[in-house]
Enquirer: 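This structure is in structure tokens; I'll ask about it shortly.
This is a predicted model, so every value here is computed, not measured. Every number for a ligand or one of its atoms is a count from 1 in the order of the listing.
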Amino acid sequence: MPITANDPKRKTWLDTVPNTDFPIQNIPFGVFLTRDDIITIGTRIGDYAIDLGALHQLGYFKGIELTDDIFLQDTLNDFISDGRKTWRLVRNRIAEIFDKENPKLRDNKEHRKHILFTLDEVEMQLPVQVGDYTDFYSSKEHATNVGTMFRGKDNALMPNWLHIPVGYHGRSSSIIPSGINARRPWGQTMPDGATEPVFGPSKLVDFELEMAFITTDANALGEPIPVNEAEEYIFGLVLFNDWSARDIQKWEYVPLGPFLAKNFASSISPWIVTLDALQPFKVESPKPEMEQLPYLQYKGKKSYDIHLEVYIAPEKGTETKVSTSNFKYMYWNMSQQLAHHTINGCNVNSGDMMGSGTISGPTPDSYGSMLELTWRGEKPIKLSDGSERKFINDNDTVILKGFCKNENVRIGFGECRTKLLPAIKQ
Ligand code: CA
């Protein structure tokens, strides 16, 4: 089925600024609370939030097989569960409804009142109920940098790394939408030179620049997903800040990997940009440096050219860009991650979230964490207000941004913005 929603020539009757992350070619999906305290599923064009529940009730999705309440829900899980064909039909229809030449809604003032909201009239919610969250570790540059710091240059990459898209099962209860604050965690650490562990607020709270993909119901228990079919089961992507406490991590991560260092908060951008909307930005993945097992070998382009940026804003002061990276640097792509995740028969459900792992590029200004950018605090970063950062300070706000751009269109993710509050008093 063609993705007519991606037509780069299409213009909308809504007023949008030229460089918006959300032109009519994007049509992401999210969940928001309206000014009347109603939760609904919606999309966004320019700076308008569009109530899909209201559109459906008013008959604008006629001819598409949808249950009456599909958009009158507080999560996208059921809609995602309907599968790729439905997502395509709905995106294509939304593009038609808001096409400049289509008068149906454009000239219906009464309907527009029920359907359109400005962004300050809505409050974004978590778009899905995340049943399971998995985090990968798929950037070779990141794995090499962290491995060098934790184990030395000679043991930087573990022997399995070039063979396996390494991952672990994370915690979904602490996934929060952009705009919700995180809090500095308490925990056990073993400071350098100490002989006994100490307990206190983490001193080394860090961001991790990641993206996460959201799946639909993909496979029955016991059945793997072939690598070349994996994209059929990926609904879309969000920006993902996987907050990490490096001092807690260093002490706890052997032998089972990170635990409390990672599960106190992970923030996501609220609009899920569909894989369909990202089609024009497909690119080759990095060439494998070692032959991969057949179940991980794929055909065609499976990576996406998504520019990524990280900013830090102190409590009083403007934001400073501290990193510029790109999703295409990932050594293991999403298809390989999903194929690997299910090769043992592990089943994947609608609304599951898979973090990419920190996305570091080849140059020091493209590293995806403070751990790497400041090389464990040895090279502090200067912010525009003159202050320095080794890690994230109390009341700093970390902002992730992401967008794709070619000569025709810009498809963006908006922001993932989280303020770090001081540790609670104990
Ligand atoms: Ca992570």
Enquirer: Using side chain to side chain contact (heavy atoms under 4.5 Å, CB included) as the criterion, list what pairs up with Thr189, not counting sequence neighbours.
Expert: Pro191, Val198, Asp247, Ile248
Enquirer: Are any of the side-chain heavy atoms of Lys401 and His307 separated by less than 4.5 Å?
Expert: no
Enquirer: Look at the aromatic rings of Phe117 and Phe32 and report parallel, tilted or perpendicular, splitting at 30° and 60°.
Expert: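 Ring orientation of Phe117 relative to Phe32: perpendicular.
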Enquirer: Are Glu232 and Lys85 within salt-bridge range, i.e. N to O under 4.0 Å?
Expert: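 No.
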Enquirer: Could you point out which residue of Tyr137, Tyr329, Tyr367 forms a ring-ring contact (aromatic ring centres under 6.0 Å, His included) with His142?
Expert: Tyr137
Enquirer: With a cut-off of 3.0 Å, which protein N/O/S atoms are close to the Ca ion (ligand 1), if we only count those under it?
Expert: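 Protein N, O or S atoms closer than 3.0 Å to the Ca ion (ligand 1): Asp135 OD2, Glu208 OE1, Glu210 OE2, Asp242 OD2.
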Enquirer: Aromatic rings His341 and Phe136: how do their planes relate, parallel, tilted or perpendicular, breaks at 30° and 60°?
Expert: perpendicular
